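Each residue takes its place number in the sequence, starting with 1. Small disclaimer: the values here were computed from a predicted structure and weren't measured. These values consider heavy atoms only, across backbone and side chains, with no hydrogens, waters or symmetry-generated copies.
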Amino acid sequence: MSSDKVVEDGIEIDVKKARNILTSILVAEKKNISTKEKGDLEMIKDIKKKIAEEVACL
């Protein structure tokens, strides 16, 4: 196991991917708070899309 992976409750987590997802979501949320461009459901869809894209990138 490399140092950038952590096992939590029996699930292996890639720390770099998790950090990328979190950063991306936080930036998008901060931008949306100031612009009010997207509603809650749109933001949820975007967040799911970001997670899926990051997980698909091996």
Side-chain angles (χ1 to χ4, degrees):
M1 184 183 314
S2 65
S3 62
D4 62 341
K5 301 212 182 215
V6 175
V7 176
E8 186 71 34
D9 294 330
I11 300 170
E12 187 176 300
I13 300 169
D14 186 323
V15 176
K16 185 176 179 183
K17 284 187 180 201
R19 189 171 290 127
N20 288 344
I21 292 168
L22 183 58
T23 301
S24 175
I25 291 170
L26 290 174
V27 168
E29 282 288 345
K30 183 174 181 175
K31 178 183 173 194
N32 193 54
I33 287 171
S34 63
T35 63
K36 306 274 191 234
E37 184 178 311
K38 298 178 182 177
D40 289 344
L41 293 177
E42 289 175 290
M43 284 303 294
I44 291 169
K45 287 179 187 177
D46 285 352
I47 290 169
K48 286 181 177 183
K49 182 179 174 186
K50 289 176 191 304
I51 293 170
E53 287 172 354
E54 189 67 37
V55 171
C57 295
L58 300 173

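Separation of atoms NZ (K49) and CD1 (I44) is listed at 16.0 Å; rounding is to 0.5 Å. Of the inter-residue distances, the one linking D14 atom CG with I21 atom CD1 reads 9.0 Å to the nearest 0.5 angstrom. Taking NZ of K45 as the start and CG of D40 as the end, the distance is 12.5 Å to the nearest 0.5 Å. For the atom pair N20 CG and I51 CD1, the distance stands at 12.5 Å (nearest 0.5 Å).
Checked by atom type and distance alone, the side chain of E42 pairs as donor or acceptor with a backbone atom of G39 at under 3.5 Å.
Using a 4.5 Å cut-off between side-chain heavy atoms of Ile, Leu, Val, Met, Phe, Trp and Tyr, M43 forms no hydrophobic cluster with any other residue.
Side-chain contact check for V7 versus I13: every heavy-atom pair is 4.5 Å or farther apart.
Taking a cutoff of 4.0 Å between a charged side-chain nitrogen and a carboxylate oxygen, K5 and E12 qualify as a salt bridge.
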Side-chain atoms of residues 24-35: list all donor-acceptor pairs with protein atoms under 3.5 Å, sequence neighbours left out, distances to 0.1 Å.
residue: N32; atom: OD1; partner: E37; partner atom: N; Å: 3.2
residue: N32; atom: OD1; partner: K38; partner atom: N; Å: 2.8
residue: N32; atom: ND2; partner: K38; partner atom: O; Å: 3.0
residue: S34; atom: OG; partner: K31; partner atom: O; Å: 2.9
residue: T35; atom: OG1; partner: K31; partner atom: O; Å: 3.1
residue: T35; atom: OG1; partner: E37; partner atom: N; Å: 3.3

